Asker: 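Could you have a look at this structure, given as structure tokens, before my questions?
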Amino acid sequence: MAMIKTSNLIKDYPMGKVSVRALCGVDMQIEEGEFVAIMGPSGSGKSTLMHIIGCLDSPSDGEYCLDGHEVSKLDKNDLAQIRNKKIGFVFQSFNLLPHLNVLKNVELPLLYAGLSSRMRKIKAEEVLDSVGLSDRLRHKPSELSGGQRQRVAIARAMVNDPAILLADEPTGNLDTQSGGDILEIFSQLHQKGNTVIIVTHDPAVAQRAGRIIRIIDGRITDVDLPA
Amino acid sequence: MSISLLESVQVGLADIKMRKLRSAVTVIGIILGVMSIMVVLSIVNGMNTATLAWMNERGGLTRIVISRNWMYDQRKGGQDHFTLNEIKLIRDMIPEALAFNPTIQQWGMAVRRGDLSYSTEVVGVMPDMVVIEEWNVQTGRFFVKPDVEWNNNVIVLGSTAARELFGGLDPLRQYVSIGDQQFMVIGVLREKLIARRGAGKAIAGENALEYLNRRVFIPLSTMLHKISADQKIDRIEVKAATTEGAQALRQKLDNIILNLRQGRDVFAVTSAKEQLDTMRQTSMIFTAIFVLIAVISLFVGGIVIMNIMLASVKERTREIGVRIAIGARRIDIFVQFVIQTILITLSGGVLGIILGYAMLDLVGTYLDVTVIASTGMIWTAIMVSAGVGLLFGIAPALRAANLDPVKALREE
């Protein structure tokens, strides 16, 4: 069964009196354990698609099935739960909370999942160890390099064992070296069986993926499998 | 599943710690409001306590006084004093009364001992006076029936009067004179005392009942027959057996006296209970006014906090977006901001309580009133400051909870 399946996904944004159509009937399917890159120029609708896949936004029309659940019709609280349990976000600008230390940042999704503070600490330490940051637990994000911050963000995304890891330009703010390290982590997660979706406009990043979905003007134009 | 209250408190405290100066400035209004609540409630509490202490020292809530009604228009007629027969009649009609004391008060009389002259209030009383006032002799004895029946020339002194006339000497069996009459001192009453207080400490030299200690007492009959024949009995003090009985007895006395004067209200019958109620009503009005002022300052403080929290939500839009993205529900965000607001106002409340308590002495001394703090008002202040946080935290928290995560994450 497909992990993600959308059919005729449409998203309109009201802009004053007229509305702008960001997605014009997107049909796509992503299987469990796939590593997919969604590529497109800015304004192509790839961010909108990512927000809908990540349950941060709802489509205006069409259907979206995530891990067997029809989510396009769910209410805000159900969406929150899905974001918490099934999706791990990684952002271009890391989006760590600056006043919390590394450990607390990673514990945050577990806090909203209702875990006890002891369980949160155990799980967060475990996942931080897996991204090689067990010696930085008490550091504030401002005390870390960009690559380290993005690894904290990946740890935070992974801590709840989500069905999908959703990354929006995860290497956009990094130098080539640390960008490569981050992509290596995504590859490893993919090899361990995680479903990984990276939204990017960088072909070098997209080459890592098993499949590239190209989107222009709100339509999927091409799906190709890199050699 | 929701984030627990404890976690919300921890998150809120972390935020406050991060924005120390802002939080401190924010709560000034609350501090002032809570401070004024503390001070006002302490003053009212002090007033009520002082009133009660007064009532207790003057014979408690069982005391009933029949005296001239100063509002009564004399031109309507009606004898404005009691004849001895009337007094006997009244006494016979209220056998349930514990004590009965018709009395004559004469101000500004000279009591002399040798060359020494002490100008004071001479009161002609019955032996029941000490029962009604719940007043004991310090030394010697008080009057007994024969003293009144035989118009004895005996006198009992208030403690101050005794000191003024005799200094350190033992006044018992010594003589003083009033007018052309010689009186033997048979007793000295214990000192009546209500000390004024500031924040629990007695203010030296202030005794609200000192005027009682200046009095001297002689038998009523002696007063009538030997000191001032022109004086008439226009005051009767009665003591009921119980507080509950006092109301009924007051009613009964009211009817008796009205009947004696053919329905004219020449005399007023007042019970201590009613006096207390009147005083409480007066103090309630003052309380209401001052509490209103305190509430206004709390309201202003609350609006300031609401504004700052709204600014804080704006500033933390991105953080809120992140929290929503990783699974915070609307209610989690809402609770986080409400709790944070409550924590800010609560800490302001605690500071206000501490500062208010520190100010009590000052206020008590300056206004010359008794101030008494109680744990009840501390709880009130805590509840009120938390309530302000809850009330004014709702709008910022709603704004935070209703943010669109997509837009919030785009915010720089």
Side-chain angles (χ1 to χ4, degrees), chain A residues 11 13 22 47-58 75-101 104-117 120 140-141 152-153 155-160 162 166 168, chain B residues 1-23 312-340 343-344 397-412:
Chain A
K11 181 67 181 178
Y13 284 115
S47 290
T48 305
L49 182 59
M50 190 204 73
H51 289 143
I52 291 174
I53 291 173
C55 296
L56 281 170
D57 211 345
S58 305
D75 72 9
K76 285 174 173 174
N77 280 339
D78 293 330
L79 290 178
Q81 195 129 23
I82 287 180
R83 286 195 297 271
N84 186 242
K85 297 275 164 57
K86 297 210 173 287
I87 292 158
F89 278 103
V90 178
F91 302 95
Q92 175 173 1
S93 49
F94 322 130
N95 278 342
L96 301 174
L97 301 194
H99 52 279
L100 299 183
N101 67 27
K104 291 286 175 199
N105 262 290
V106 175
E107 281 184 18
L108 217 47
L110 302 172
L111 177 73
Y112 291 119
L115 263 68
S116 72
S117 69
R120 293 204 301 265
K140 291 282 171 70
V152 175
R156 184 179 66 187
M158 295 304 299
V159 75
N160 242 345
L166 202 54
D168 184 10
Chain B
M1 240 180 296
S2 164
I3 172 169
S4 77
L5 209 62
L6 182 68
E7 311 283 4
S8 300
V9 169
Q10 282 169 354
V11 171
L13 280 178
D15 282 338
I16 290 169
K17 245 167 82 184
M18 196 174 56
R19 297 172 171 85
K20 284 188 201 84
L21 182 64
R22 173 188 287 188
S23 303
S312 172
V313 168
K314 177 96 186 116
E315 191 179 277
R316 294 162 65 186
T317 299
R318 198 185 178 87
E319 171 192 330
I320 295 161
V322 173
R323 287 181 186 269
I324 293 174
I326 61 176
R329 296 175 311 163
R330 311 264 144 183
I331 184 79
D332 294 323
I333 303 289
F334 180 82
V335 168
Q336 176 188 336
F337 277 89
V338 167
I339 294 251
Q340 194 183 334
L343 285 173
I344 289 174
L398 272 181
R399 175 169 292 188
N402 284 325
L403 281 177
D404 175 359
V406 173
K407 282 184 193 145
L409 281 168
R410 247 184 241 134
E411 194 85 15
E412 277 316 311

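All of these numbers come straight from a predicted model, not from anything done at the bench. The sequence lines fix the lettering, A, B, ..., with proteins before strands; numbering per chain opens at 1.
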Asker: For A/Leu108, is it the side chain, the backbone, both, or neither that has a heavy atom closer than 4.5 Å to a heavy atom of chain B?
Answerer: both

Asker: Does A/Asn84 offer a backbone N or O that forms a donor-acceptor pair with the side chain of A/Asn160 under 3.5 Å?
Answerer: yes

Asker: In terms of heavy-atom pairs under 4.5 Å, which option from A/Leu56, A/Asn95, A/Leu100 contacts chain B the most?
Answerer: A/Asn95

Asker: Salt bridge or not for A/Asp57 and A/Lys11, using N-O below 4.0 Å?
Answerer: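 Salt bridge flag = yes for A/Lys11 with A/Asp57.
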
Asker: A quick test of your reading: do over 12 heavy atoms of other residues, nucleotides or ligands sit less than 6.0 Å from CZ of B/Arg330?
Answerer: yes

Asker: Counting heavy-atom pairs under 4.5 Å to chain B, which of A/Leu79, A/Leu97, A/Leu96, A/Asn77 comes out on top?
Answerer: A/Leu97

Asker: With a 4.5 angstrom heavy-atom cut-off, which part of A/His99 approaches chain B: side chain, backbone, both or neither?
Answerer: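 Contact with chain B is through both the backbone and side chain of A/His99.
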
Asker: B/Asp332 side chain to B/Arg329 main-chain N or O, any donor-acceptor pair under 3.5 Å?
Answerer: yes

